[in-house]
Amino acid sequence: RIMETFREEPYAKPEYAAKCITWYQARNYCLWLGEQVGVPMDLPTEAQWEYAARSRGQAVANATDNGKLEGPRNYWGGDYPWYGTPPGTFPPNPLGMYDMAGNLGEWVLDWHFPYSKEPQINPKGPDKGYDKVAKGYGAGSGSLYRRAATDPDNDGAGTGVRCVANSGKPIK
């Protein structure tokens, strides 16, 4: 019954982010979108996602304009329960990116792997694995540090999609 709720009104409207999609559906959407606009697109790597959420790698608690989650209550018993909030509910981070905290988890390209104890620049995940990484899941803790290992065929986690343009030139 919970999964049916995700697909029912009012949460399956254009005002809400796409959710309940598998990693494969999310990736295929990004690749398709890139073909449509003529720019190479894909899911972000975990490092790309973190860098953007942290406004170029800053140490902030939440990916918002001031590092705090301000806005409607959500998660347990709040105005927007665990199935997400309408896009733009929370303020953007300093890069102008909305909803990287306080909303849904988002698929990233990487297979799940343990973090290295040593600092790394733009780390890459392994070439294969069992679970993919989903980042965010801000409803509840709001923390962008939240990381989940999720079966890539799972469409029941409420996970959404954010695409990244992999271009060395500014996009017009």
Please answer whether the main-chain N or O of [Y] pairs with a side-chain N or O of [X] as donor and acceptor at a distance below 3.5 Å.
X: Asn154; Y: Thr150; answer: no
X: Asp110; Y: His112; answer: no
X: Asn93; Y: Ala52; answer: yes
X: Trp107; Y: Tyr24; answer: no

(message) Applying side chain to side chain contact (heavy atoms under 4.5 Å, CB included), can you list everything that pairs with Gln120, at least two apart in sequence or on another chain?
(response) Ser116, Pro123
(message) Tyr51: which residues meet the ring pair (Phe, Tyr, Trp, His ring centres under 6.0 Å) condition with it, sequence neighbours left out?
(response)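 Result, ring pair (Phe, Tyr, Trp, His ring centres under 6.0 Å) vs Tyr51: none returned.
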Can you tell me how far the [atom1] atom of [X] sits from the [atom2] atom of [Y], to the nearest 0.5 Å?
X: Tyr98; Y: Arg162; atom1: OH; atom2: CZ; answer: 11.5 Å
X: Thr45; Y: Asn122; atom1: OG1; atom2: CG; answer: 5.5 Å
X: Glu106; Y: Cys163; atom1: CD; atom2: SG; answer: 10.0 Å

(request) For Pro152 and Tyr130, work out which heavy atoms get closest and say how close. (result)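 Taking every non-hydrogen atom into account, CD-O, 3.4 Å.
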(request) For residues Ile21 and Asp155, determine if any side-chain heavy atom of one lies less than 4.5 Å from a side-chain heavy atom of the other. (result) no
(message) For a 4.5 angstrom cut-off between non-hydrogen side-chain atoms, does Trp23 reach Leu109?
(response)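 Contact flag for Trp23/Leu109 side chains = yes.
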(message) Any donor-acceptor pair under 3.5 Å linking the side-chain atoms of Asn166 with those of Gln48?
(response) yes
(message) For residues 31-49, which residue pairs pass the salt bridge (Lys or Arg N to Asp or Glu O under 4.0 Å) check, not counting sequence neighbours?
(response)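 Found Arg27-Asp42, Glu46-Lys135, Glu46-Arg147.
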(message) For the residue pair Lys132 and Trp111, would you count it as a cation-pi contact if the rule is NZ or CZ under 6.0 angstrom from the ring centre and within 45 degrees of the ring axis?
(response) yes
(request) Answer with yes or no whether the hydrophobic clustering places Val164 together with Met97; edges join I, L, V, M, F, W, Y residues whose side-chain heavy atoms lie under 4.5 Å apart. (result) no
(message) Please tell me whether Leu31 and Val161 are part of a single hydrophobic cluster in this structure, the criterion being side-chain heavy atoms less than 4.5 Å apart.
(response)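 No: no chain of side-chain contacts under 4.5 Å links Leu31 to Val161.
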